Amino acid sequence: MHRRILPALAAVLLAATATSACLGSDDEPDTTRNADAKEFTLTIAANAIAGGKNAAGAEWIENWVIPRFVEDQKAKGRTAKVEFQPSGASDEDYKSKVALDLKTGSGADIYSLDGIWVGEFADAGYIKPLEDLVGADAVNGWDGWNQIPKPVQGNMSYKDKRYGVPEGTDGRVIYYNRSLLARAGLPRDWQPKSWDEIVTAAQTIRSSVPGVTPIQLNAGTAMGEATTMQGVLPLLVGTGQQIWAEGKWQGNTAAVRDVLGLYQRVYGGGLGDPVLQQDAKGRDKSFQAFAEGKIAILLEGDYFWRSVVEPNKGIAKMADRDQNVGYALIPAVRAGAGVRGQDYVSMSGGAGRVLNPSSDYPRQAWELLQFMNSKEATAAQVGGAPRLTQRQDVNDEILKNDPLLTFIAQKVLPLTSFRPGFAEYPRVSQALQQATLSVVTGTAPTAAAAEYQKKLETIVGGADKIATG
């Protein structure tokens with residue numbers, strides 16, 4: 001989801017740049033502070049409120065987590081009081097409030113935080129690694145980590161340190177219309193092993209099935225973050241590169257040019273609809289076209305399966321979804337060329353929960369955070385609307401009747417990647433979107449990459465922070 005930083009928050013983070021060293025050195029957290037307390041009060045904060053925004057999450061905290069945790073603590077001889085601090089604000093306003101709370105050493109003991117904010121808050125000194133707050137033994141001894149794939153843990157990690165626990169995620173795959181592929185002589189269970197195989201399949205569809213757009217690869221600025229998350233970034237990790245790694249952003253590199261080159265092959269080669277990429281409602285129109293059998297191949301997240309083509313309540317219902325919609329892993333540019341040497345790749349998003357470094361009861365807050373991410377609590381949070389959770393054991397149980405979500409849980413999450421959690425990321429994303437739009441409208445990939453590089457230098461503060469070549 002695309003989020004902009006409010007000017008007030010930007011000022012807060014700018015001020016933190018000068019003071020983060022003090023925050024980290026003058027007031028180091030005491031990992032054993034009040035560890036033996038038999039009576040304590042904890043507060044959970046989330047951008048959720050009963051009867052309003054994220055109501056189900058608020059009700060789960062108030063009606064399931066709090067009373068059961070209190071009872072759990074009572075059985076251990078402790079008296080716990082847990083309060084919920086709800087919010088129904090915009091994401092930007094909630095983010096600003098959390099940043100100000102953490103900066104001033106006030107606020108709740110546990111905060112819900114979007115994974116894309118983690119690096120930004122860590123650099124500002126607002127959050128700290130869990131090990132620094134409660135000790136390495138306490139953190140690493142939690143058995144829940146064994147149920148959360150390492151790539152998913154990465155959503156709440158920064159510079160190889162865990163800052164929180166993820167509370168759910170998603171994954172990107174290739175969807176395809178089985179009937180259209182069959183008419184083109186392609187296999188019913190199609191799994192491309194390279195970008196070339198995707199292009200070849202699209203070319204085959206174009207020549208064999210008239211009136212059908214072979215492939216929808218989100219592009220341009222009108223589709224916003226969908227262009228970046230369903231298009232650019234999965235392709236980029238398929239070249240073996242993350243958008244940010246080892247202190248540098250990907251600029252005018254061979255990897256970025258390769259990604260833009262695929263966009264040229266799709267839209268310059270007549271395999272996708274370039275007009276759709278410039279339409280303010282282009283993404284919704286692509287959903288409807290796929291549902292009507294007018295688009296054969298589409299890259300999207302599990303949201304597409306759960307909420308778009310869902311047979312009963314979807315916004316573009318497909319009565320034959322379960323029989324006619326196939327799905328496949330997104331291949332690297334070629335076998336073994338993806339990040340970590342992978343053959344297949346994906347991108348995921350999601351939120352999580354962090355501990356306030358100023359908590360008076362860090363050990364008890366960590367125990368509550370573990371409780372909130374237990375198997376039982378996670379299953380209760382999902383309730384009757386199955387979705388991907390952070391825990392594989394829960395996914396194995398609640399998703400067993402949904403083949404696509406099971407596929408993502410078992411095949412996609414172990415190899416997925418996440419966006420970097422920096423304040424600059426939304427503007428970097430917009431620059432990537434513009435680069436794809438340039439290619440869609442006829443600019444050569446090399447020229448679009450050079451234009452992107454210039455914008456990136458302004459966004460991130462200089463060429464020394466950018467990988468090129």
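Since we're looking at a predicted model, the values are computed, not measured.
- Side chains of Arg257 and Asn252: a donor-acceptor N/O pair is present below 3.5 angstrom, by distance only.
- When atom types are taken as modelled, the side chain of Gln277 and the backbone of Ala219 share a donor-acceptor pair closer than 3.5 angstrom.
- In this structure, Asn218 contributes its side chain and Leu299 its backbone to no donor-acceptor pair below 3.5 Å.
- For Ser374, the side chain to side chain contact (heavy atoms under 4.5 Å, CB included) test picks out Glu376, Ala377, with sequence neighbours left out.
- Side-chain atoms of Thr443 come within 3.5 Å of backbone N or O of Ser438 as a donor-acceptor pair.
- Considering CD1 of Ile243 and OG of Ser417, their distance stands at 12.0 Å, rounded to 0.5 Å.
- Taking the side chain to side chain contact (heavy atoms under 4.5 Å, CB included) definition, one finds that Val382 meets it with Arg387, Thr389, Ile398, sequence neighbours left out.
- With rounding to the nearest 0.5 angstrom, the OH atom of Tyr126 is 8.5 Å from the CG atom of Leu102.
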In a table with atom names and distances, give each donor-acceptor pair under 3.5 Å that connects a side chain of residues 404-412 to protein atoms at least two apart or in another chain.
residue: Thr406; atom: OG1; partner: Leu399; partner atom: O; Å: 2.5
residue: Thr406; atom: OG1; partner: Asp402; partner atom: O; Å: 2.9

Listing, residues 144-151 side-chain donor-acceptor contacts under 3.5 Å, not counting sequence neighbours, or none:
residue: Trp145; atom: NE1; partner: Val139; partner atom: O; Å: 2.9
residue: Gln147; atom: OE1; partner: Asp393; partner atom: N; Å: 3.1

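- Residues that satisfy the side chain to side chain contact (heavy atoms under 4.5 Å, CB included) test with Lys454, not counting sequence neighbours, are absent from this structure.
- Here the CG-OG1 distance, from Leu432 to Thr221, works out to 12.5 Å after rounding to the nearest 0.5 Å.
- Listed by chain and number, the residues in a ring-ring contact (aromatic ring centres under 6.0 Å, His included) with Tyr452 amount to none (sequence neighbours excluded).
- For Arg334, the CZ atom sits in a loose shell: 12 or fewer heavy atoms of surrounding residues, nucleotides or ligands are nearer than 6.0 Å.
- Listed for the Asp279 side chain is no donor-acceptor partner under 3.5 Å among the backbone atoms of Val275.
- A donor-acceptor contact shorter than 3.5 Å links the side chain of Gln342 to the backbone of Tyr344.
- The stretch residues 179-188 participates, sequence neighbours left out, in these side chain to side chain donor-acceptor pair (under 3.5 Å) pairs: Ser179-Asn324.
- The closest donor-acceptor contact from the side chain of Thr204 to the backbone of Thr200 lies under 3.5 Å.
- The residues Glu167 and Arg353 are annotated as salt-bridged, a charged nitrogen and a carboxylate oxygen being separated by less than 4.0 angstrom.
- Residues satisfying the ring-ring contact (aromatic ring centres under 6.0 Å, His included) criterion with Tyr158, sequence neighbours excluded, are Phe422.
- Of the inter-residue distances, the one linking Met347 atom CE with Thr416 atom OG1 reads 6.5 Å to the nearest 0.5 angstrom.
- Side-chain N or O atoms of Thr239 include one that pairs as donor or acceptor with a backbone N or O of Leu236 at under 3.5 Å.
- In this structure, a donor-acceptor pair under 3.5 Å is absent between the side chains of Thr169 and Gln390.
- Trp190 meets the ring-ring contact (aromatic ring centres under 6.0 Å, His included) test with Tyr176; sequence neighbours excluded.
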Salt bridge (Lys or Arg N to Asp or Glu O under 4.0 Å) assessment of Arg265 paired with Asp196: CA-CA 10 Å; Arg265 295 174 73 184; Asp196 284 345; 3.0 Å; yes

Derivation and outcome, side-chain contact (heavy atoms from CB on, under 4.5 Å), residues Asp258 and Trp195: CA-CA 10 Å; Asp258 283 347; Trp195 293 1; 4.3 Å; yes

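- Using a 3.5 Å distance cut-off with no hydrogens or angles, the side chains of Tyr111 and Asp101 do pair a donor with an acceptor.
- Arg419 and Asp114 are not joined by a salt bridge, as no carboxylate oxygen comes within less than 4.0 angstrom of a charged side-chain nitrogen.
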Full working for side-chain contact (heavy atoms from CB on, under 4.5 Å) between Val309 and Ile315: CA-CA 7 Å; Val309 294; Ile315 60 176; over 6 Å; no

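- Test Leu130, Leu113, Val118 against Tyr163 for side-chain contact (heavy atoms from CB on, under 4.5 Å) and you get one pass: Val118.
- Closest of all the heavy-atom pairs between Leu260 and Ala449 is CD1-N, 3.8 Å.
- Listed by chain and residue number, Tyr327 satisfy the ring-ring contact (aromatic ring centres under 6.0 Å, His included) test with Trp305 (two or more places apart in sequence, or in another chain).
- Aromatic ring orientation, Tyr175 versus Phe304: tilted (interplanar angle from 30° to 60°).
- Of the N and O atoms on the side chains of Gln433 and Ser429, at least one donor lies less than 3.5 Å from an acceptor on the other residue.
- In this structure, the side chain to side chain contact (heavy atoms under 4.5 Å, CB included) partners of Glu197, at least two apart in sequence or on a different chain, are Pro192, Lys193, Ser194.
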Would you be so kind as to tabulate the donor-acceptor pairs closer than 3.5 Å made by side chains of residues 455-469, with sequence neighbours excluded?
residue: Glu457; atom: OE2; partner: Gln453; partner atom: NE2; Å: 3.0
residue: Lys465; atom: NZ; partner: Val460; partner atom: O; Å: 3.4

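- A donor-acceptor distance shorter than 3.5 angstrom exists from the side chain of Asp343 to the backbone of Gly336, with no hydrogens or angles considered.
- Residues Tyr425 and Gln430 have side chains that never bring a donor and an acceptor to within less than 3.5 angstrom of each other.
- Donor-acceptor pairing under 3.5 Å is lacking for the side chains of Gln381 and Thr378.
- Side-chain atoms of Asp132 never come within 3.5 Å of backbone atoms of Lys128 as a donor-acceptor pair (strictly under, hydrogens ignored).
- Residue Leu413 comes nearest to Asp170 through the heavy atom pair CD2-O, 3.6 Å, listed as atom of the first residue, atom of the second, then distance.
- To the nearest 0.5 Å, the span separating CG on Asp322 from CD on Glu310 amounts to 8.5 Å.
- Side-chain atoms of Ser359 never come within 3.5 Å of backbone atoms of Asp109 as a donor-acceptor pair (strictly under, hydrogens ignored).
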